[in-house]
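Being a predicted model, the structure only gives us computed values, none of them experimental.
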Amino acid sequence: MGFVKGTSGNPKGRPKMSDDEKEQREEFKALLRNATVPALQAIIEISQNKCSKDRFNACKYILDRCFGTNAVFFGENAEDIVEPVIIRVMPYHKEDENKDEDWGEEDSDEEWED
């Protein structure tokens, strides 16, 4: 049976839920609402953990929820244009905490010699 123009593919529509199904759905929604704050706290903790492999995804989730996934940070006028944020990734070690050193080529040669 092919597509017939002007005729609904689902003439009866979505089946109605029974009272029991409606009650279960409301209970499920209530459970989700109660878990929202702890879930967001867990996502924030992951985003702040520098050693977590999921840190990027947690940060992306937070930004997407705050600004939208397709947020544009540049305005129409030249005055509205926001300077981009430049993030510089540097090594961090407890013993180097008070030093202001940069990664250098000399360091990379010593580490990777065979």
Heavy atoms of other groups near R25 CZ, more than 12 under 6.0 Å: no

Which atom of A58 lies closest to which atom of I43, heavy atoms considered: CB-O, 3.6 Å

Residue list, side-chain contact (heavy atoms from CB on, under 4.5 Å) with T36, at least two apart or on another chain: L40

E45 side chain reached by N49 side chain, heavy atoms, under 4.5 Å: no

Between CD on residue E21 and CD on residue Q24, distance to nearest 0.5 Å: 7.0 Å

Side-chain cluster (under 4.5 Å, hydrophobic types only) that F56 belongs to, other residues: none

Separation of I46 CD1 from K53 NZ (nearest 0.5 Å): 10.5 Å

From M17 atom CE to E23 atom CD, the distance as rounded to the nearest 0.5 Å: 12.0 Å

